[in-house]
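What you are looking at is a predicted structure, and each value in this text was computed from that prediction instead of being measured.
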Amino acid sequence: QERLVESGGGSVQAGESLRLSCSAFQYDGDYSSSCLGWFRQAPGKERERVATVQIGGPSRYVANSVAGRATISQDSAKKTLYLQMNNLKPEDTAMYYCAASPIQAARCVPLLGAPKEGDFPYWGQGTQVTVSS
């Protein structure tokens with residue numbers, strides 16, 4: 001039984017938008033205090049962090065590669081994480097993964113640097129985003 005289930009991926013043209021969703025309804029951890037995030041991996045490349053959020057906190061981490069085009073949000077009542085991606089580019093083509101962790105805000109949304117992939121023990125199966133030019 002999957003703890004994290006992504007949806008919303010698809011094939012779009014450059015400049016279009018997508019909203020990815022991640023249902024954490026079966027997540028075993030305490031959702032209200034968890035760190036949730038989106039990562040992506042393009043073919044032949046390492047997985048990279050896209051955005052993270054500490055549930056219940058105000059801060060967000062958003063990678064420079066998507067800054068200004070991506071918004072991470074969540075709905076506690078639905079235990080669902082979202083990633084709104086606008087003005088998609090071909091370089092955004094990747095498998096997008098949802099991840100969850102019990103880490104606290106200092107590591108989820110660090111003041112310096114970026115969240116560490118190794119801090120996230122729970123992962124979904126991914127949803128594919130393909131952007132054509």
Exactly one of S133, P90, S132 should register a side-chain contact (heavy atoms from CB on, under 4.5 Å) with Q13. Which one does? S132
Between [atom1] of [X] and [atom2] of [Y], what distance do you get to the nearest 0.5 Å?
X	Y	atom1	atom2	result
D92	N86	CG	CG	10.5 Å
S23	L4	OG	CG	8.5 Å
S17	M85	OG	CE	9.0 Å
L83	R40	CG	CZ	9.0 Å
L81	S21	CG	OG	8.5 Å
S7	Y82	OG	OH	9.0 Å

Walk me through whether Y31 and S76 qualify under side-chain hydrogen bond (donor to acceptor under 3.5 Å, both in side chains). CA-CA 8 Å; Y31 182 91; S76 293; 5.1 Å; no
Where the side chain of [X] meets the backbone of [Y], is there a donor-acceptor pair that is under 3.5 Å apart?
X	Y	answer
Q84	A70	no
Q41	K45	yes
T80	K78	yes
T52	V109	no
T127	G9	yes

Show me, pair by pair, the donor-acceptor contacts under 3.5 angstrom made by side chains of residues 111-122, not counting sequence neighbours?
from : atom 1 : to   : atom 2 : distance (Å)
E117 : OE2    : R47  : NE     : 3.0
E117 : OE2    : R47  : NH2    : 2.9
D119 : OD1    : R107 : NH2    : 2.6
D119 : OD2    : R107 : NE     : 3.4
D119 : OD2    : R107 : NH2    : 3.4

If you look at every heavy atom in L36 and I72, which pair is closest and at what distance? O-CD1, 4.1 Å
Provide the closest heavy-atom pair for Q54 versus S33 in the form atom of the first, atom of the second, distance. NE2-O, 2.9 Å
Which is it for R3 and F25 under the side chain to side chain contact (heavy atoms under 4.5 Å, CB included) test, yes or no, and what are the steps along the way? CA-CA 7 Å; R3 295 187 175 99; F25 199 77; over 6 Å; no
Any side-chain heavy-atom pair from [X] and [Y] closer than 4.5 angstrom?
X	Y	result
C98	F39	no
Q125	V5	no
S34	Y27	yes

Looking at D75, I'd like to know if its CG atom is crowded, meaning that more than 12 non-hydrogen atoms belonging to other residues, nucleotides or ligands lie closer than 6.0 Å. yes
Please test K89 against R69 for side chain to side chain contact (heavy atoms under 4.5 Å, CB included), starting from the C-alpha separation and ending with a verdict. CA-CA 10 Å; K89 303 176 180 180; R69 300 187 297 118; 3.8 Å; yes
Run the numbers on Y61 and C108 for side chain to side chain contact (heavy atoms under 4.5 Å, CB included), then give the verdict. CA-CA 8 Å; Y61 165 85; C108 179; over 6 Å; no
How far apart are the C-alpha atoms of V129 and L20, what are their side-chain angles, what is the distance that settles it, and do they pass the side chain to side chain contact (heavy atoms under 4.5 Å, CB included) test? CA-CA 9 Å; V129 172; L20 307 183; 4.0 Å; yes
